[in-house]
Amino acid sequence: MGKLTSLTVLDLRDNDFTGPIPTSLGNLSNLIHLYLWENQLSGPIPTSLGKLGNLIEFRIRRNNFCGSIPREIIDLSSLKVLSLGSNHLLGSIPQEMGKLTSLTVLDLRDNDLTGLIPASVGSLLNLTTLLLNDNKLFGFVPSEFNKLTHLTHLDLSSNELEGELPENVCLGRSLTYFSIFNNNFTGPIPATLKNCSTLIRLRLEGNQLTGDITKAFGIYPHLYFMDLSHNHLNGKLSWKWEQCHNLTSLSISNNNISGEIPAIFGRMAQLRVLDISSNNLSGEIPKEMGSLLMLLKLDLSNNAIMGNVPTEIGLLSRLAYLNLASNNLSKLVPVQLGSCKCLLNLNLSRNKFQKSIPFEIGNIQFLEVLDLSHNLLTGNIPGEIGKLIMLQVLNISHNGLFGSIPHSFGDMLTLTSIDVSYNDLEGPLPNVKAFNEAPFEAIQHNRGLCGNVVGLSKCNYTRSKKRNQHVGARITIILILSFLGFLLLSCTLIILVIVNHRQRWIIKRDNDEQTNDLDFMQILSYDGKVFYDRIIEATEGFDSKYYVGEGAYGIVYKAEISKGQTVAIKQISSSEEDSEIVNLIPFEREIQALTNLRHRNIVKFYGFCSHVQRCFLVYEYMEGGSLRTTLSNDERAKEFQWDKRVNMVRGVADALSYMHHGCSPPLIHRDLTSNNILLDCDYEAHVSDFGTARLLRPDSSNWTAIAGTIGYIAPELAYSTIPTEKCDVYSFGVVALETIMGKYPGDHVSREYSSSAQTESSMMLKDVLDQRLSPSRLCLRDAQDVILIAKLAFACLQADPRLRPTMGQVSHELRVQLPLEMPLSTVSLEQLRDLSVRKFGAFIGDEPACL
């Protein structure tokens, strides 16, 4: 390679190259741009590269380079961009770094660099971007930093730096990103930040900064993220922040802020996260907070807030995290919380809430954590709490609750942690894992609980005969009388059933036409022959004019069973050879799956019929047809607007999350396609077709058929016939892309073998979206949702199933994650893939893609 002496640009980025950089590259004296980032290159950076005197850009980030930064780099006098981030570089930053006076970008982040920041960095007067975060740098920031007045991006976070921050950090009024979190900085906020109106993102958390936040900060019209948590700041919440119209996340927890929450905070319309916990705030929660309709997280815990929770809290329909713990809140737990359908975590502990737990909390169907402990609650535990089938943590300890624990708690199979101690509860513990394995401390100090927990009496425990002889006599008399009554009632019922059955048989024989007007659910209660005959009659023997479509293992017909009651009937296909062995298995599998599923986004199952001539399933008819049919019809696709598509994707994710995590045992669909997602008249998604666990004959050469549809099957099934839930995750990724692109995503699914892989770095997301809906006219909310869906879809399409998220994570992200703050017009497919190839948990956080 070193013989290509006329070469000016060498671009080998984003491949899988391994090994060291050839030292011969030092011979490319005319080289201007050297791009090697995002490979698996290793070894030290060759000192021979110091001979590239014409080099302007040197980018090798996200590799595995080790060793120290060679001092020969300092000889690259023409260098404007030096990007060595995300490697394993050791040692200190060269003291002579200041000689690279042409530098505009210096990226050394995410390495293992140690030592002091050289004072010579202050000589880089043209520097606009300085990224030193995620290293082991220590000591003070040199005072020479005050000369860097053209900075737009400065990130010193996650080091061991100390002392005061440079005073002139925003003297040039151009700073947009300033991040110094997780260091040991002390002293005041730099004075120049107050008038730094260009700020977009500000992160100062995790230091020991002091000062009055009212005086230190100004108005920032472009700011969307600010975190000042875990410092020693004081003062009051500033009314100025109401004028930061783009602010989506504001965190000032763990400081010494006092005063009341300003009512004008209710005007911060774009706010998604508000965390002002662990301060000295007082007063009441302003009712104006109910106007924050975009809010996802509200944390006011560990303050001195008093009064009642305003009923307007129920207007926060998107709220996922609400923590009001450790305050002086009193009166009633607001029933309006039941309207916050997206809540995942609700913590009202350590307050003074009185009276009973409102049964409306049982309406929060996705709730995972509920903590009402350390209050003054009384009364019975509402049975509706047992409807929270996603609940994992329940703490109602240290109250005055009495009565027994509702039987409905026996359905809460996802519970992992409970605490009901220090109440007046009695009776048996629910027979679920969380109660059976609970420590005694979690159930102690109650009136009379019993169960199989160490320290509790068994529920069949009996007192001595001497003490209970009168009670035993009474029980014996009651049992005898009950038995005699039961015999009398049974005889009466048998006679009535015989007479009724004879009358029904006579009526059916004499006037069979009456069954035409019976309600469908009544038909289901009849014997099989009536059910079978009625289906045959309604479809005229499965005539083609009732044909709707074709599923994986059967043909679907539409039939009106009775007036106003239309159902879908899937007749299972039969084969000429060995049909009983091959085809009845998916039929029975779908029956087994559907009878155990209860979810709003899964098709409703009515009944089935297994007959010598025909086998069929009967389920809810979806007038909207399949997703594939909708997307292939231009007129219907235009009606299928962005908000409806986003909601549909959420629905499919919720259904799969329920199948994978809410069913016992978990269920894998194995054939999720756009053809198996049915839409109702409101374009709500309903997952269908569960008959794909299809086994072949034992004497066949293949023991198990690969279930699924070409184009949606996960790549690992090419070498393994054992499916996992990650196969469904992959199929979901394909469907999600298909929904926002308006057609099968094709090359974008498998990039490794794709002809589009070479051009994807310049391909914009807006150009591949469904052009029938005019992507350029997307509103901000829908655009952010579409970007989020595309990002999650690419994460689901990882070739390695271990790198894919779970459907529980995907469903959670689609409900609560802060959208990427990037305009749709600037987002490329390469950016989205860049986010998705990282470990899933890494991009749940709040790091911007532009960094």
Verify, without hydrogens or angle tests, whether Asn195 (side chain) and Thr192 (backbone) share a donor-acceptor contact under 3.5 angstrom. no
- Item | Flag, side chain of Asn375 to backbone of Ser373, donor-acceptor distance under 3.5 Å | yes
Tightest non-hydrogen contact, residues Pro805 and Val810, listed as CG-CG2, 3.7 Å
In terms of heavy-atom contacts, Asn279 and Ile276 come closest through ND2-O, 3.2 Å
**Message:** Using only atom types and a distance under 3.5 Å, with no angle test, would you say the side chain of Asn255 pairs donor to acceptor with the backbone of Ile257?
**Reply:** no
Between the CG atom in Asp371 and the CG atom in Leu394, the distance rounded to the nearest 0.5 Å is 8.5 Å
More than 12 heavy atoms of other residues, nucleotides or ligands under 6.0 Å from NZ of Lys352: yes or no? no
Value for CG (Leu367) from CG (Asn345), rounded to nearest 0.5 Å, stands at 7.5 Å
Residue set satisfying disulfide bond (SG atoms under 2.5 Å apart) with Cys340, at least two apart, ordered chain then number -> none
The reported gap from OG in Ser339 to CD1 in Ile313 (rounded to nearest 0.5 angstrom) is 11.5 Å
Donor-acceptor contact present, side-chain Asn347 to main-chain Leu324, <3.5 Å:
no
*Regarding Asp654 and Ser811, is there a side-chain donor-to-acceptor distance under 3.5 Å anywhere?*
yes
Those residues at least two apart in sequence (or on a different chain) that pass ring pair (Phe, Tyr, Trp, His ring centres under 6.0 Å) with His222 are none
* To do: Say whether Asn647 and Glu684, considering side chains only, have a donor N or O and an acceptor N or O under 3.5 Å apart.
  => yes
Review point. Side chains of Ile285 and Leu300: closer than 4.5 Å at any heavy-atom pair?
Key: yes
The complete set of salt bridge (charged side-chain N to carboxylate O under 4.0 Å, His left out) pairs with one or both residues in residues 276-294, sequence neighbours excluded, reads none
CG (Leu391) and CD (Gln365) are apart, to the nearest 0.5 Å, by 13.0 Å
CG (Leu322) and CD1 (Ile364) are apart, to the nearest 0.5 Å, by 9.0 Å
In short, Thr739 meets Met648 closest at the heavy-atom pair OG1-CE, 3.6 Å
Begin with the C-alpha distance, continue with both residues' side-chain angles, and end with the deciding distance and a verdict on side chain to side chain contact (heavy atoms under 4.5 Å, CB included) for Leu223 and Trp241. CA-CA 10 Å; Leu223 189 70; Trp241 291 330; over 6 Å; no
_Would you say that Phe794 contacts Leu737 through its side chain, given a criterion of any heavy-atom pair below 4.5 Å between the two side chains?_
yes
Shortest non-hydrogen pair, Ala653 vs Met807, comes out as CA-CE, 3.6 Å
* Indicate yes or no for a side-chain donor-acceptor contact from Asp299 to the backbone of Ser301 under 3.5 Å, with no hydrogens or angles considered. => yes
Heavy atoms of Val432 and Phe409 approach each other most closely as CG1-O, 3.7 Å
Are the side chain of Asn303 and the backbone of Leu281 linked by a donor-acceptor contact shorter than 3.5 Å?
yes
Heavy-atom side-chain contact between Asp728 and His660 under 4.5 Å
yes
message: Using the rule given for side chain to side chain contact (heavy atoms under 4.5 Å, CB included), can you reason through Ile389 versus Thr414, listing the C-alpha separation, both sets of side-chain angles and the distance that settles it, and then say yes or no?
response: CA-CA 7 Å; Ile389 60 173; Thr414 58; 5.7 Å; no
Apply side chain to side chain contact (heavy atoms under 4.5 Å, CB included) to the pair Leu773 and Leu769, showing each step before the final yes or no. CA-CA 9 Å; Leu773 294 188; Leu769 295 180; over 6 Å; no
Give a yes or no on whether Phe359 atom CZ has more than 12 heavy-atom contacts from other residues, nucleotides or ligands under 6.0 Å away.
-> no
ask   = Do Asn328 side-chain atoms and Met306 backbone N/O form a donor-acceptor pair below 3.5 Å?
value = no
_Are the side chains of Leu372 and Ile357 in contact, using a 4.5 Å heavy-atom criterion?_
yes
ask   = Within a strict 4.5 Å, meaning less than it, do heavy atoms of the Pro286 and Phe265 side chains meet?
value = no
**Prompt:** Under 3.5 Å, is there a donor-acceptor pair between the His232 and Asn256 side chains?
**Reply:** no
Would you check if the side chain of Asn363 reaches a backbone N or O of Ile361 as a donor-acceptor pair within less than 3.5 Å? no
- Task: Report yes or no: does Ser408 contribute a side-chain atom to a donor-acceptor pair with the main-chain N or O of Gly383 at less than 3.5 Å?
- Result: yes
Has the side chain of Tyr177 got a donor or acceptor atom that lies under 3.5 Å from a matching backbone atom of Leu175? no
So Asn207 and Thr186, do their side chains get closer than 4.5 Å, heavy atoms only? no
Problem - Aromatic ring pairing His374/His398, orientation class (parallel under 30°, perpendicular over 60°, tilted between) - result: parallel
Notebook entry, point to check: With a 4.5 Å limit on heavy-atom distance, are the side chains of Asn280 and Asn234 in contact?
Noted result: no
### Message
With a 4.5 Å cut-off on side-chain heavy atoms, are Ile305 and Ile261 touching?
### Response
yes
*SB check Arg650 Asp785 (cutoff 4.0 Å)*: yes
Here the gap from Asp782 atom CG to Ile787 atom CD1, rounded to the nearest 0.5 Å, amounts to 11.0 Å
Q) How far apart are the C-alpha atoms of Leu298 and Tyr321, what are their side-chain angles, what is the distance that settles it, and do they pass the side chain to side chain contact (heavy atoms under 4.5 Å, CB included) test? A) CA-CA 6 Å; Leu298 176 61; Tyr321 182 97; over 6 Å; no
For Lys194 and Phe217, the nearest pair of non-hydrogen atoms, with its separation, is CG-C, 4.1 Å
